[in-house]
Amino acid sequence: VRVGTDRQAGAGAHDDGAHDTHDLHGRAANAARSDAGTAGFDAMSEAAALPPPPVGGARYHVWLFAPVEARDALAALLTIERELDDSARPSLDHGVAHARLEWWGEEVARLVAGTPRHPATRALARAADAAGIAAGDRPALAPLVESARWRLAQVAFENRGELQLSFASWSRSLFAAACQLAMPAESRSAQLQASVDAFAHEAGDAIREIESLLHAARLARLGQLPLPLDELAAAGCGHELLATAPWPQPLAALLRSRYVACSTSLSAAAEALPATQRDAVRTGLIWAAAAAEQARAAVAALPNEYAAPRF
């Protein structure tokens, strides 16, 4: 793994506007960095409803078509994801970014211990309790925080194995939790959970990679390469070429091959689910279908970059 400088010249390309509609949670996270802010969380967690994801992106449609009883839990989970993404954004002061991620690392530990403070983690804990999911059976969110730290450090991965671990940190935490929380309570069983875990791991890795590839140029400008250095070298492409589309033919071919591989993984993960279990995993399947559709659109747009929604 290679670590870049704290801020690169292209850092301003990040779209901060996607976070403007979530100022409630930004204020909450700011308050959390001071002892005086803890009491404010107590009132906010009960008084303020968590908003759904921004309209237009895959996450909004996942939330919209989820079982009604699971929407609050998904809104809480996706709010945590946005908070972490916001904490690692390049335009944020580096010291503040580290402080926020340190706080979130402590917060997910408090979530496991049953003493969360943030409105989103409290809502998530209530939803898991209501669904009868024991604390020891819930997907850990600590890898999600670690993934945000990698982005803040502008990590470039040397090979596919290292890069895959970064995708897994998302699929085995956020995506697995989304699939689990959206399962109907009456359908829960050890057998179903095992199927959901297998699906979440394979499909989640592919979804996360597709989402990274969709924003390849922007991420490359931030020093967050969605392709490993050895594959770029084998294609005869310097990593700087990824930062600007249209891409040269060898790089476009590499991107196309990854989109196809991810789409194949999504199909395999869906087909591996027994027909009797698919309705229980509807939320994960909708997310996979949205990612597969975006992958098809991205392949059709090559060598140009497909204009995908931020979330």
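- The minimum heavy-atom distance between Ser166 and Phe157, with the atom names listed, is CB-CZ, 3.6 Å.
- Taking 4.5 Å as the limit, every side-chain heavy atom of Leu50 sits out of range of all side-chain heavy atoms of Asp72.
- Put simply, the side chain of Phe175 reaches to within 4.5 Å of the side chain of Phe199, judged on heavy atoms.
- Put simply, Val112 and Leu101 are part of two different groups of oily side chains (I, L, V, M, F, W, Y) that touch within less than 4.5 Å, one to the next.
- Distance check, rounded to the nearest 0.5 Å: CZ of Arg71 to CG of Leu64 gives 5.5 Å.
- A donor-acceptor pair is defined here as one N or O able to donate and one able to accept, closer than 3.5 Å; such a pair exists between the side chain of Ser265 and the backbone of Ala261.
- In this structure, the side chain of Arg89 engages the main chain of Asp86 through a donor-acceptor pair within 3.5 Å.
- Of all non-hydrogen atoms in Leu285 and Ala270, the two that sit nearest each other are CD2-CB, 3.9 Å.
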Less than 3.5 Å apart, which donor and acceptor atoms pair up between the side chains of residues 236-248 and the rest of the protein, not counting sequence neighbours?
| residue | atom | partner | partner atom | Å |
| --- | --- | --- | --- | --- |
| Trp247 | NE1 | Leu242 | O | 3.0 |

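- Side-chain contact between Pro67 and Arg282 is present, with heavy atoms from C-beta onward closer than 4.5 Å.
- In this structure, the separation between CD1 on Ile133 and CD on Gln180 is 4.0 Å, given to the nearest 0.5 Å.
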Output, in order, the C-alpha distance, side-chain angles, deciding distance and verdict of side-chain contact (heavy atoms from CB on, under 4.5 Å) for Met183 and Gln193. CA-CA 9 Å; Met183 283 194 298; Gln193 188 61 57; 3.2 Å; yes

Please report the C-alpha distance between Arg160 and Leu227 in whole Å, then the side-chain angles of each, then the deciding distance to 0.1 Å, and finally whether the side-chain contact (heavy atoms from CB on, under 4.5 Å) criterion is met. CA-CA 8 Å; Arg160 174 64 48 184; Leu227 291 168; 4.1 Å; yes

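- Here the CZ atom belonging to Arg149 is positioned 9.5 Å from the CG atom belonging to Leu152, to the nearest 0.5 angstrom.
- Aromatic ring centroids of Trp170 and Trp287 lie under 6.0 Å apart.
- Separating the CZ atom in Arg258 from the OG atom in Ser263 is a distance of 10.5 Å, to the nearest 0.5 Å.
- With hydrogens and angles ignored, the 3.5 Å screen pairs a side-chain donor or acceptor of Ser173 with a backbone N or O of Ser169.
- Screening His94, Arg100, Glu102 for a side-chain hydrogen bond (donor to acceptor under 3.5 Å, both in side chains) involving His98 leaves a single residue, His94.
- Of all heavy-atom pairs between Pro51 and Thr79, the closest is O-OG1, 4.2 Å.
- Smallest separation of non-hydrogen atoms from Asn159 and Pro228: C-CB, 3.4 Å.
- The distance from the CH2 atom of Trp63 to the CG atom of Leu74 is 9.5 Å, given to the nearest 0.5 Å.
- Leu219 and Leu92 end up in different hydrophobic clusters when Ile, Leu, Val, Met, Phe, Trp and Tyr side chains are linked at under 4.5 Å.
- Pairing each heavy atom of Leu77 with each of Leu174, the nearest pair is CD2-O, 3.4 Å.
- A continuous path of hydrophobic side-chain contacts links Leu302 to Tyr306 [ILVMFWY only; heavy atoms under 4.5 Å].
- Grouping the Ile, Leu, Val, Met, Phe, Trp and Tyr side chains by contacts below 4.5 angstrom, directly or via other members, places Leu251 apart from Val260.
- In summary, Arg151 and Glu146 do not engage in a salt bridge, as defined by a charged side-chain N under 4.0 Å from a carboxylate O.
- Considering only heavy atoms from C-beta on, Val155 stays 4.5 Å or farther from Leu225 through its side chain.
- Using a cut-off of 4.0 Å between Lys/Arg side-chain N and Asp/Glu carboxylate O, Asp205 and Arg172 are scored as salt-bridged.
- Between the side chain of Arg208 and the backbone N or O of Ser171, no donor-acceptor pair lies under 3.5 Å.
- Cation-pi geometry between Arg110 and Trp104 is not satisfied (NZ or CZ under 6.0 Å from the ring centre, within 45° of the ring normal).
- Ion pairing of Glu81 with Arg59 is present here, as a side-chain N (NZ or NE/NH1/NH2) and a carboxylate O approach within less than 4.0 Å.
- Cluster membership for Leu165 and Leu144, using ILVMFWY side-chain heavy atoms within less than 4.5 angstrom, is not shared.
- Within the 3.5 Å criterion, the main-chain N or O of Leu213 finds a donor-acceptor partner in the side chain of Tyr259.
- Inter-residue side-chain proximity for Ser87 and Trp103 is flagged as unmet; no heavy-atom pair is nearer than 4.5 Å.
- Heavy atoms only, all atoms of each residue included: Ala182 and Thr283 are closest at CB-OG1, 3.1 Å.
- Of the possible donor and acceptor atoms, one in the side chain of Glu162 sits under 3.5 Å from a partner among the backbone N and O of Glu158.
- The pair Glu107-Arg117 does not count as a salt bridge, with every side-chain nitrogen at least 4.0 angstrom from each carboxylate oxygen.
- Once rounded to the nearest 0.5 Å, the distance linking CZ of Arg296 with CD of Glu293 reads 4.5 Å.
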